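Down below is the structure, laid out as structure tokens.
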Amino acid sequence: AAAQLCGNGAIDGGEDCDLGTLNNASCQSQGFAVGVLSCTDGCVFDTSGCSAMRFADNADGTITDNKTRLMWEKKIGLNGTINHSNLQDADNIYRWSGTCTGDGTRCQPNAASEAACLLGVENSTDGCARCISGTCSVTPGTIWQWLAALNAAAYGGYSDWRMPTLSELQGLIDYADTTPPAINGALHGASCGGACTDATNAVCACTQPTYHWSASTYVSAPSNAWAVSFQEGFAPTQPKASAGGWYVRAVRGGP
């Protein structure tokens, strides 16, 4: 009788679930850490979307978040020395945008960074365009220059990397971690340091504890963009053309 009733949207005798009705069950109630529980055509739980771990190292320089299904770029080589020739170096800092020498507006230095910014920015596109007057002064380069280079190199085998939004970056914060950086060990492993140079090694992963740029412009002041600190989970806004620059981490997937 139960088999005949399977598919009616109600949980009958012998059924775990029926269509989208899960009887308040979840991956967690089935013993998994994260994921999305679903129901098969036979009215039993489908746990294929569940995972025992939130973050999975893919052994190719990428890390998958099984909760959000986002894939994150892995950082290595945290030793206090900037090395822009290595796109994955955790010490590398960038500005969000440069400044036009002619009129002081915020800018991108070339067509590739302009296109990456226009495609990936959240909210205002202030700082995405190339200069109309003068040249774009930016040292070090912009986050969008770096992103364009990452995609040109097909890092991890992918060319659809983007800058994370503020909410995506905040989703990485581990508020239970009292030792900076406040982030899961998959993104900051026990072997992080100058000798951590192999992004395919699961224990070799680094995260700078301070500010990381997001793709999100501050709506009330478009000359600023949101950043996230993994020191304590603080999320301030920073001037896009900030001379010092901040850190970056790319993501792919999502909406």
Side-chain angles (χ1 to χ4, degrees), residues 61 72-78 80-166 168-169 199 206-208 210-229 235-252 254:
W72 292 90
E73 173 219 4
K74 200 171 182 182
K75 291 297 184 183
I76 57 175
L78 182 62
T81 301
I82 292 173
N83 178 16
H84 283 131
S85 65
N86 180 356
L87 298 175
Q88 276 63 60
D89 195 302
D91 295 298
N92 291 346
I93 56 173
Y94 305 87
R95 296 197 212 179
W96 204 99
S97 67
T99 304
C100 294
T101 57
D103 55 18
T105 56
R106 287 158 295 282
C107 58
Q108 294 301 317
N110 54 45
S113 57
E114 178 185 49
C117 185
L118 291 172
L119 179 65
V121 69
E122 183 179 56
N123 306 323
S124 170
T125 59
D126 178 281
C128 284
R130 284 173 286 175
C131 293
I132 295 175
S133 174
T135 59
C136 188
S137 174
V138 54
T139 304
T142 72
I143 63 173
W144 306 103
Q145 275 183 285
W146 167 79
L147 183 68
L150 194 73
N151 281 320
Y155 178 68
Y158 305 99
S159 297
D160 58 352
W161 293 100
R162 58 184 178 81
M163 289 298 299
T165 63
L166 171 62
E168 288 170 339
L169 267 184
C206 296
T207 297
Q208 278 282 358
T210 50
Y211 299 135
H212 285 64
W213 284 117
S214 79
S216 306
T217 291
Y218 183 35
V219 175
S220 299
S223 61
N224 286 16
W226 290 97
V228 169
S229 170
T237 61
Q238 296 290 332
K240 291 180 176 179
S242 173
W246 294 114
Y247 303 104
V248 291
R249 187 187 296 274
V251 70
R252 58 180 300 274

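Values reported hereafter were calculated over all heavy atoms of this structure, with side chains retained and with hydrogens, waters and symmetry mates removed. Just so you know, residue 1 is the first one in the sequence shown, and it goes up from there. Values in this document were obtained by computation on a predicted structure and should not be read as measured data.
We find the CG-CG distance between Asp89 and Asn83 to be 5.0 Å, quoted to the nearest 0.5 Å. Expressed to the nearest 0.5 Å, how far OG of Ser214 lies from CG of Leu169 amounts to 6.0 Å. To the nearest 0.5 Å, atom CG of residue Asn224 and atom CG of residue Asp126 are 9.5 Å apart. Atom OG in Ser159 sits 9.5 Å away from atom CZ in Arg252 (nearest 0.5 Å). Atom CZ of residue Arg95 and atom CD of residue Gln145 lie 11.0 Å apart, to the nearest 0.5 angstrom. The distance from atom CE of Met163 to atom CD1 of Ile143, rounded to the nearest 0.5 Å, is 4.0 Å.
Thr142 places no side-chain N or O within donor-acceptor distance of the main-chain N or O of Gln108, the cut-off being under 3.5 Å. In terms of modelled atom types and a separation under 3.5 Å, the side chain of His84 and the main chain of Ile93 share a donor-acceptor contact. Looking at Arg106, its side chain never comes within 3.5 Å of a backbone N or O of Cys128 through a donor-acceptor pair. With Gln88 contributing its side chain and Ile76 its backbone, the two residues share no donor-acceptor pair below 3.5 Å.
In this structure, Cys100 and Cys107 have their SG atoms no less than 2.5 Å from one another.
For Ala250, the side-chain contact (heavy atoms from CB on, under 4.5 Å) criterion is met by Glu73, Trp146, Leu147, Leu150, Trp161, not counting sequence neighbours. For Asn86, there are no side-chain hydrogen bond (donor to acceptor under 3.5 Å, both in side chains) partners at least two apart in sequence or on another chain. With sequence neighbours excluded, no residue forms a side-chain hydrogen bond (donor to acceptor under 3.5 Å, both in side chains) with Thr99. Every residue was checked against the side-chain hydrogen bond (donor to acceptor under 3.5 Å, both in side chains) condition with Asn151, not counting sequence neighbours, and none meets it. When the side-chain contact (heavy atoms from CB on, under 4.5 Å) test is applied to Ala152, no partner is found at least two apart in sequence or on another chain. Scanning for salt bridge (charged side-chain N to carboxylate O under 4.0 Å, His left out) contacts around Glu122 gives an empty result, with sequence neighbours left out.
Across every non-hydrogen atom of Ala90 and Lys75, the tightest pair is CB-CB, 3.9 Å. In terms of heavy atoms, Ala235 sits closest to Leu166 at CB-CD1, 4.1 Å. Across Ser97 and Gly127, no two heavy atoms sit closer than the pair CB-O, 3.7 Å. The shortest heavy-atom contact between Tyr155 and Ala199 is OH-CB, 4.0 Å. Thr101 and Gly134 get closest at one heavy-atom pair: OG1-CA, 3.4 Å. Nearest heavy atom pair, residue Asn92 against residue Ile82, reads OD1-CG2, 3.5 Å.
Here the rule is ring-ring contact (aromatic ring centres under 6.0 Å, His included) with Trp246, and of Tyr211, Tyr94, Trp96 only Tyr211 fits it.
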Evaluation steps, side chain to side chain contact (heavy atoms under 4.5 Å, CB included), between Lys240 and Tyr218: CA-CA 10 Å; Lys240 291 180 176 179; Tyr218 183 35; over 6 Å; no
